[in-house]
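In what follows, a structure is listed as structure tokens, so that the remarks can point back to it.
All values derive from a computational prediction rather than experimental measurement. Each residue takes its place number in the sequence, starting with 1.
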Amino acid sequence: MMANPPFANSSLCSPDALTAVELIWLEKGIEHWIRFGRNAGETIIDRRRRVLSFAPNTVFAFVRWAANDFGTVVSRIDIVRSVTPGEAYQTLPFVRPGGEILLRISGWPKVERVFAAIDGIEALGIDPADVAPDHWRHVHNRLGAGYEPRPYSRDQHRAWLLRQVLS
């Protein structure tokens with residue numbers, strides 16, 4: 001497994017460099033949660049809301065789900081890389097300032113397929129936060145086109161880690 005990327009230790013960067021993600025839990029109504037990712041801090045607002053902070057270059061999966069009296073109305077997963085100060089980024093709700101979106105999928109059947117891909121990576125003993133960003137882009141593109149994504153492999157992960165050492 002890859003060691004924590006630069007700035008992964010929150011003590012090495014200022015609070016302004018952190019990416020904040022607002023999480024909400026209103027049972028059977030609105031649920032926002034982190035599926036994976038190493039947070040650098042947590043602020044509890046009240047019993048239903050909290051904010052997780054992520055250091056620059058941290059990859060995390062942010063899940064949003066909402067329902068009403070008629071069933072699920074929103075089901076979405078975004079896999080995001082938090083950015084360094086001054087770096088370009090994309091905005092998304094409940095994430096400040098935003099990040100590099102590696103995967104953005106909506107609709108419960110496709111979200112379940114992303115969860116299955118994450119489970120497959122974890123079954124290999126690999127933390128999904130350490131996976132090559134290109135794999136998340138691949139999963140996004142394949143699911144968007146209606147195809148099954150190729151599974152991540154240990155060889156692929158080893159190659160990614162070696163590229164990180166060389167750069």
Side-chain angles (χ1 to χ4, degrees), residues 1-26 30-66 74-106 110-111 114-115 117-119 121-122 124-144 149 152 156-167:
M1 274 219 193
M2 185 171 101
N4 288 339
F7 306 109
N9 183 343
S10 62
S11 65
L12 297 177
C13 60
S14 74
D16 293 337
L18 300 175
T19 297
V21 181
E22 186 177 346
L23 305 179
I24 302 169
W25 189 272
L26 301 172
I30 299 172
E31 299 174 7
H32 297 174
W33 73 92
I34 298 297
R35 173 59 177 83
F36 66 79
R38 294 180 202 91
N39 67 311
E42 177 179 18
T43 302
I44 297 173
I45 298 170
D46 57 37
R47 46 180 264 164
R48 293 188 171 102
R49 295 179 304 148
R50 60 191 173 116
V51 176
L52 290 185
S53 300
F54 293 91
N57 296 314
T58 302
V59 175
F60 60 91
F62 179 41
V63 181
R64 290 180 283 154
W65 177 89
V74 173
S75 184
R76 177 179 302 269
I77 185 169
D78 297 290
I79 298 181
V80 180
R81 183 187 64 82
S82 57
V83 294
T84 58
E87 185 178 1
Y89 59 87
Q90 295 130 338
T91 61
L92 63 152
F94 307 100
V95 179
R96 292 180 312 270
E100 178 186 3
I101 300 172
L102 305 175
L103 175 145
R104 183 175 194 131
I105 296 291
S106 61
K110 288 182 181 178
V111 170
V114 174
F115 285 158
I118 294 168
D119 291 343
I121 290 165
E122 290 174 333
L124 294 173
I126 299 169
D127 186 333
D130 294 331
V131 166
D134 285 343
H135 179 70
W136 296 123
R137 292 183 190 101
H138 161 78
V139 173
H140 169 88
N141 292 330
R142 296 288 289 196
L143 291 177
Y152 196 66
Q156 200 175 354
H157 190 62
R158 191 173 11 249
W160 164 245
L161 294 177
L162 289 171
R163 281 195 311 270
Q164 292 301 104
V165 169
L166 294 175
S167 60

Yes or no on side chain to side chain contact (heavy atoms under 4.5 Å, CB included) for I34 and V21, after CA distance, side-chain angles and deciding distance?
CA-CA 9 Å; I34 298 297; V21 181; 4.1 Å; yes

Applying the side chain to side chain contact (heavy atoms under 4.5 Å, CB included) criterion to R76, which one of R64, H32, K110 satisfies it?
R64

Going by atom type alone, with no hydrogens or angles, which donor-acceptor pairs under 3.5 Å involve a side-chain atom of residues 85-98 and a protein atom two or more places apart or on another chain?
unit_1 : atom_1 : unit_2 : atom_2 : d
E87    : OE1    : T84    : N      : 2.9
E87    : OE1    : T84    : OG1    : 3.0
E87    : OE2    : R81    : NH2    : 2.3
Q90    : OE1    : I101   : N      : 2.7

CZ of R47: more than 12 outside heavy atoms within 6.0 angstrom?
no

Chi angles and distances behind the side chain to side chain contact (heavy atoms under 4.5 Å, CB included) call for Y152, I126:
CA-CA 10 Å; Y152 196 66; I126 299 169; 4.2 Å; yes

Kindly indicate whether the side chain of H157, heavy atoms from C-beta on, has any atom under 4.5 Å from the side chain of L124.
no

A side-chain contact here means heavy atoms from C-beta on lying under 4.5 Å apart; do V80 and W136 qualify?
no

Partners meeting side chain to side chain contact (heavy atoms under 4.5 Å, CB included) with [X] (sequence neighbours left out):
X: L26; answer: I24, I30, R48
X: A61; answer: R35, F36, I77, I79
X: S75; answer: W65, T72, W108, V111

What pairs meet the side-chain hydrogen bond (donor to acceptor under 3.5 Å, both in side chains) rule with one or both residues in residues 16-25, with sequence neighbours excluded?
none

Quick one: [atom1] on [X] to [atom2] on [Y], what's the gap to the nearest 0.5 Å?
X: H138; Y: L103; atom1: NE2; atom2: CG; value: 11.0 Å
X: T58; Y: L18; atom1: OG1; atom2: CG; value: 9.0 Å
X: I44; Y: L52; atom1: CD1; atom2: CG; value: 9.5 Å

Identify, with sequence neighbours excluded, every residue that meets salt bridge (charged side-chain N to carboxylate O under 4.0 Å, His left out) alongside [X].
X: R158; result: D155
X: R104; result: D78
X: R50; result: E42

Among all residues two or more places apart in sequence or in another chain, which pass the side-chain hydrogen bond (donor to acceptor under 3.5 Å, both in side chains) test with D134?
R137

Kindly determine whether H135 and I121 satisfy side chain to side chain contact (heavy atoms under 4.5 Å, CB included), including the steps that lead there.
CA-CA 11 Å; H135 179 70; I121 290 165; 4.0 Å; yes

Could you tell me which non-hydrogen atom of V51 sits nearest to which non-hydrogen atom of A20, and how far apart they are?
CG1-CB, 3.7 Å

Quick test of your reading: applying ring-ring contact (aromatic ring centres under 6.0 Å, His included), list the pairs with at least one residue in residues 37-57, sequence neighbours left out, ordered by first then second residue.
F54-F60

